[in-house]
Amino acid sequence: MAFPEFYDPDKVGQIYVPATAAAVNAGRAAGLASAAKAQVRTILVLVDVQIDFVHEQGALTVPGAVADTRRTIEWIYLNVSRLTTIAASLDSHVPIQIFFPLWWVDENDQHPTPYTVIRSADVQAGKWRPLFQPEWSVEYVEILEHNAKRELMIWPYHCLTGSVGHALMPSLYEAIAYHSAARQAQPLFLAKGNIPETEHYSILEPEVKVPNHQQGTLNTDFLNMLAGYDRIFIAGQAKSHCVLETVNSMVRFFDDQPKTLRKIRILRDAMSSVAHPTIDFEALAAKTFRDFESRGLQMVDTSMPVR
């Protein structure tokens, strides 16, 4: 199959107004059968393929993400007749959150710089002081360490709701619109990450549960929906964080369902790891994904046939 005429691979890494009408019209003209008639149901789960993670000047750009996104888009176009559903998450933040600089100050009343690690011992010693919810903030860093989660990382302000960086990459949005029209299938969008009191790497659950918030617990509805598909493909950013934790949520939930775990396929050339000055996130992620493979998940490339 040739790519749709409106698709320009040189624009994958650019910010522009998506050509939604052109994508929809091209999808309708493709003359494909409705996804509702599919004998084999295949879903693509896109994790946080947003401007702030992908664009070269994004607030938290992931090295390699533009090339990952191009491979993802072209995989969608090449496999549109086999792809039943596309679901995309949207990391969604506000300025005052526990992992942003504004939440914390040091002894000199200065906010931490991005990529600072805040440990419970530092908080107890007064090296870092929370400006918001002090009792919870102390408890939170202790919970992270006690549960062997990542230590609290301060991130650059990114994916702020309503900002340009919050949007999906325009070229990817066009591919989603094309698929929607071609297969008469509504895309699914999942917002996550707007709970001030916790990080929310996995698209399915926050790092620490907040039961009184609508996004504060495990999204079992979405997981049960996934189990109804025959093939589950996953791509997005970043491999070391949101993709990894999303897959981790799936592995734990489907622990007693080996058949479901074997449905999961990770598009390994459609994701990259966060770059950090001192932490080798790629090595850590690679080890965890090898563990996932031992559980039955498959690591595949976008060049491989969908099966």
Working to the nearest 0.5 angstrom, can you tell me the gap between D52 CG and H93 NE2?
9.5 Å
Find out whether V138 and Q124 are in side-chain contact, i.e. whether some heavy atom of one side chain is under 4.5 Å from a heavy atom of the other.
yes
Find out if a path of hydrophobic residues (ILVMFWY) with successive side-chain heavy-atom gaps under 4.5 Å connects L190 to V210.
no
Short side-chain to backbone donor-acceptor contact, T61 and H55, under 3.5 Å:
yes
Identify whether the distance between the nearest side-chain nitrogen and carboxylate oxygen of K239 and D68 falls below 4.0 Å.
no
Over 60° means perpendicular and under 30° means parallel, so tell me whether W155 and Y201 are parallel, tilted or perpendicular.
perpendicular
Is it the case that one hydrophobic cluster holds both Y7 and I86, taking links as side-chain heavy atoms less than 4.5 Å apart, direct or via other members?
yes
Has the side chain of S137 got a donor or acceptor atom that lies under 3.5 Å from a matching backbone atom of I98?
no
Looking only at heavy atoms, the pair that brings V300 and F233 closest together is CG2-CE2, 4.1 Å
Main-chain N/O of A185 paired to S180 side chain as donor or acceptor, under 3.5 Å
yes
Check against side chain to side chain contact (heavy atoms under 4.5 Å, CB included), E205 and N219
CA-CA 6 Å; E205 59 183 328; N219 189 343; over 6 Å; no
Test side chain to side chain donor-acceptor pair (under 3.5 Å) on E174 and Y16 and set out the steps.
CA-CA 11 Å; E174 291 172 347; Y16 59 93; 3.1 Å; yes
Any side-chain donor paired with an acceptor under 3.5 Å for Y229 and T85?
yes
Shortest non-hydrogen pair, Q14 vs M169, comes out as O-CE, 3.8 Å
Just how far is it from atom OG of S171 to atom CG of D10, taken to the nearest 0.5 Å?
11.0 Å
Q237 and V62: which non-hydrogen atoms are nearest, and at how many Å?
OE1-CG1, 3.5 Å
Under 3.5 Å, side chain of R183 to main-chain N/O of L83, donor-acceptor pair present?
yes
Can you confirm whether the side chains of T116 and T113 place a donor and an acceptor under 3.5 Å from each other?
yes
Residue pair F99 / G193: nearest heavy atoms and the distance that separates them:
CZ-O, 4.4 Å
Pairing donors with acceptors under 3.5 angstrom, does anything connect the side chains of S120 and E145?
yes
Decide side chain to side chain contact (heavy atoms under 4.5 Å, CB included) for K192 and C242; before the verdict, give the C-alpha distance in whole Å, the side-chain angles of both, and the deciding distance to 0.1 Å.
CA-CA 11 Å; K192 57 94 170 173; C242 296; 3.4 Å; yes
Using a strict cut-off of less than 4.0 Å between a Lys/Arg side-chain nitrogen and an Asp/Glu carboxylate oxygen, indicate whether K263 and D230 qualify as a salt bridge.
no
Does one side chain, of N79 or R82, offer a donor that lies under 3.5 Å from an acceptor on the other?
yes
Which pair of non-hydrogen atoms, one from I96 and one from P196, has the smallest distance, and what is that distance?
O-CB, 3.7 Å
Quick check: does any side chain N or O of T42 sit under 3.5 Å from a backbone N or O of T84, one acting as donor and the other as acceptor?
no
Could you go through M250 and L261, starting from their C-alpha distance and side-chain angles, then the distance that decides it, and tell me whether this counts as side chain to side chain contact (heavy atoms under 4.5 Å, CB included)?
CA-CA 8 Å; M250 294 179 184; L261 289 176; 5.7 Å; no
Does a side chain donor of either S92 or H166 reach within less than 3.5 Å of an acceptor in the other side chain?
yes
Closer than 3.5 angstrom, by distance alone: can the side chain of H241 be matched with the main-chain N or O of V274 as a donor-acceptor pair?
no
State, without any angle test, whether E282 and S273 hold a side-chain donor-acceptor pair at a distance under 3.5 Å.
yes
According to a hydrophobic-cluster definition based on side-chain heavy atoms being under 4.5 Å apart (Ile, Leu, Val, Met, Phe, Trp, Tyr only), do L60 and V117 belong together?
yes
Rounded to the nearest 0.5 Å, how far apart are CZ of F53 and SG of C159?
4.0 Å
Quick one: does any side-chain atom of D280 pair with a main-chain N or O of A283 as donor and acceptor, under 3.5 Å?
yes
Say whether V47 and I76 are linked into one hydrophobic cluster, either directly or through other cluster members, by side-chain heavy-atom distances under 4.5 angstrom.
no
Using side-chain heavy atoms (C-beta onward) and a distance below 4.5 Å, is I232 in contact with L44?
no
Using 4.0 Å as the upper bound for N to carboxylate O, is an ion pair formed by D255 and R252?
no
Has the side chain of H111 got a donor or acceptor atom that lies under 3.5 Å from a matching backbone atom of P101?
yes
Common cluster, L223/I203, ILVMFWY with side-chain heavy-atom separation under 4.5 Å:
yes
So, applying side chain to side chain donor-acceptor pair (under 3.5 Å) with Y140, which one of E199, E135, E207 is it?
E199
Do you know the tightest heavy-atom contact between A275 and Y115?
O-CE2, 4.4 Å
Could you give the distance from CD1 (I266) to CD1 (I264), rounded to the nearest 0.5 Å?
6.5 Å
Here the gap from M299 atom CE to D269 atom CG, rounded to the nearest 0.5 Å, amounts to 9.5 Å
Check for a donor-acceptor pair, side chain of Y178 on one end and backbone N or O of V80 on the other, with a separation under 3.5 Å.
no
Does either side chain, that of E197 or that of Q133, offer a donor lying less than 3.5 Å from an acceptor on the other one?
yes
E5, CD atom: more than 12 neighbouring heavy atoms under 6.0 Å
no
Carboxylate-amine/guanidinium contact K127 D106, below 4.0 Å
no
Of the options I154, L152, I118, which is the one that meets W128 in a side chain to side chain contact (heavy atoms under 4.5 Å, CB included)?
I118
Are Q184 and R28 close enough, and set up right, to give a side chain to side chain contact (heavy atoms under 4.5 Å, CB included), and what steps lead you there?
CA-CA 8 Å; Q184 303 98 65; R28 291 291 295 142; 3.9 Å; yes
Relative to each other, are the rings of F100 and Y157 parallel, tilted or perpendicular (30° and 60° limits)?
tilted
S240 side chain vs F281 backbone, donor-acceptor pair below 3.5 Å
no
Test item: side-chain donor near acceptor, H146 and E142, under 3.5 Å
no
